[in-house]
Amino acid sequence: MELPNLNVPVKQEIVVHNEGAQGRGGGGGAIVEASGHGTRRTEATVRIEANMLDCPICSSPFKPPVFQCKGGHLACGSCVAKLPWKQCQRCDLGGDFHGCPFVDAFVSSARMKCDHHGCGRQVTYHKLEDHKSACPLAPCRCPVPGCGFEGPPPALPHHLSAVHSMPVHVVQYGKVLQLEVPVSEPRRLLFAEEDGRAFLVVGGSLGLGVPIALSVVCVRAGASPPPHYVAKVWANGPPVANDRTDTVRADIQVTSSKEPGTVAVEELTFLTVPHKLLAGAGPSRTVSLHVRIDKITS
């Protein structure tokens, strides 16, 4: 196995010596220092080509178990399972593949830094793509049509306010935020200072005689792990007889998306607001919208 030209921090409990264990690789390694009180780990950086950590058959990152044939060729477990008679197809020696514990230990120790701005987390190489797909600082697209801005969610409030003059409101989890939302442009960005989350109020009129639909989208990677968010939204109409006020309500499981301006309607839950609950007339009509967002950590 050749040792790759990419900085990969390696932390392990064995000596990594390229010329002996690695064949054709360059120098460098992590050495264990032993004492009477046990083994102490040290950390070093080994420069390797990143593709040397990928299966040569399917090009996916190696993850244990990794297999090796008699000729020294490596393959991931998924590819070995698909090979005819599970034998190497790249050399004359053929024969069955066998497990390679050293390579298992190596690929389990290889780390790469997430390159999303502001993250910098060191992640096991074969888990890097999973991390990046759910990273809380994964770049998200501006929801304004035609704008090419991409950046981490905490950067969106300034961009939307400065470049697009979109109203930005601070929201606190578990507390009600009241908004007067114009029907002609209902988009509002809600920013939670507690954890830097950004939420976009989306929607608009669906046509003459059709209720107005409003929803909430969390601006982050769609594959994000917990916490998740739920929103209770309701709209109050103007006072009528006996100061009674009509109200419509909806409980929304908040959808997450890196492209909040293009989320499919089918993925959202909407609050539909009848026209009789609108205030004003013509293009100046508004919705008295109340929003409470709760963070679900389990």
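D294 meets the side chain to side chain donor-acceptor pair (under 3.5 Å) test with R292; sequence neighbours excluded. Partners of F199 under the ring pair (Phe, Tyr, Trp, His ring centres under 6.0 Å) rule, at least two apart in sequence or in another chain, are Y229. In this view, T247 and N236 satisfy the side chain to side chain donor-acceptor pair (under 3.5 Å) rule, not counting sequence neighbours. In this structure H159 satisfies the side chain to side chain donor-acceptor pair (under 3.5 Å) test together with H164, sequence neighbours excluded. For E185, the side-chain contact (heavy atoms from CB on, under 4.5 Å) test picks out R187, with sequence neighbours left out. For S165, the side-chain contact (heavy atoms from CB on, under 4.5 Å) criterion is met by no residue, not counting sequence neighbours. With sequence neighbours excluded, the residues forming a side-chain contact (heavy atoms from CB on, under 4.5 Å) with A264 are E266, E267, listed by chain and number.
Through direct or indirect side-chain contacts shorter than 4.5 Å among Ile, Leu, Val, Met, Phe, Trp and Tyr, V163 is connected to no other residue. Members clustered with L137: none, using a 4.5 Å side-chain heavy-atom cutoff among hydrophobic residues. Side-chain contacts under 4.5 Å among hydrophobic residues (ILVMFWY), followed directly or transitively, place I296 together with V230.
In this structure, H116 and P139 have side chains that are in contact, with non-hydrogen atoms separated by less than 4.5 Å. Side-chain atoms of K276 and D246, non-hydrogen and from C-beta on, do get closer than 4.5 Å to each other. For the pair H228/Q253, no side-chain contact is recorded, criterion being any heavy-atom separation below 4.5 Å from C-beta on. Using a 4.5 Å cut-off on side-chain heavy atoms (C-beta onward), D54 and Y125 make contact.
Scanning all heavy atoms of the two residues, the minimum distance from L160 to P143 falls at CD2-CD, 3.9 Å. Of all heavy-atom pairs spanning A235 and V273, the tightest one is CB-CG2, 4.0 Å. In plain terms, the two heavy atoms of P238 and A279 that are nearest each other are CG-CA, 4.3 Å. When all heavy atoms are compared, the tightest approach of F62 to P56 is CZ-CD, 3.7 Å. The two residues V287 and V183 have their closest heavy-atom pair at CG2-CG2, 4.1 Å. Residues V254 and C218 share a closest heavy-atom pair of CG1-N, 3.4 Å.
Atom CD of Q89 is surrounded by more than 12 heavy atoms from other residues, nucleotides or ligands within 6.0 Å. Within 6.0 Å of NE2 on H158 lie no more than 12 heavy atoms contributed by other residues, nucleotides or ligands.
Each salt bridge (charged side-chain N to carboxylate O under 4.0 Å, His left out) pair with one or both residues in residues 229-240, not counting sequence neighbours, appears once here: K232-D251.
Within the model, atoms NE2 of H131 and CE of M112 stand 11.5 Å from one another, a figure rounded to the nearest 0.5 Å. A distance of 12.5 Å separates SG in C135 from CG in D130, rounded to the nearest 0.5 Å. Atom CZ of F191 sits about 14.0 Å away from atom NE2 of H169, to the nearest 0.5 Å. Taking CD from Q172 and CG from L190, the interatomic distance works out to 12.5 Å, rounded to the nearest 0.5 Å. Atom NE2 of H126 is separated from atom OG of S108 by 5.0 Å, given to the nearest 0.5 angstrom. Rounded to the nearest 0.5 Å, atoms CZ (F149) and SG (C140) are 10.0 Å apart.
In the hydrophobic clustering of ILVMFWY residues, with side-chain heavy atoms under 4.5 Å counting as a link, M166 and V170 come out apart. Two different hydrophobic clusters hold L200 and V171 under the rule that ILVMFWY side chains link at heavy-atom gaps under 4.5 Å. I252 is not connected to V219 by any chain of hydrophobic side-chain contacts under 4.5 Å among Ile, Leu, Val, Met, Phe, Trp and Tyr, and they are in different clusters. Hydrophobic clustering (ILVMFWY, side-chain heavy atoms < 4.5 Å, transitive): V216 and L189 are in distinct clusters. Residues W234 and L278 fall into different hydrophobic clusters, defined by Ile, Leu, Val, Met, Phe, Trp and Tyr side chains chained together at heavy-atom separations under 4.5 Å.
Remark: side-chain polar atoms of S109 are paired, donor with acceptor, to backbone N or O of A105 under 3.5 angstrom.
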Applying side chain to side chain contact (heavy atoms under 4.5 Å, CB included), run through C142 and E150 and close with a yes or a no. CA-CA 6 Å; C142 173; E150 290 190 8; over 6 Å; no
Does the side chain to side chain contact (heavy atoms under 4.5 Å, CB included) test come out yes or no for K295 and R197, once each step is laid out? CA-CA 11 Å; K295 181 162 64 172; R197 285 280 175 249; over 6 Å; no
List the atom pairs, with distances to 0.1 Å, where a side-chain N or O of residues 71-85 and a protein N or O form a donor-acceptor pair under 3.5 Å, not counting sequence neighbours.
none

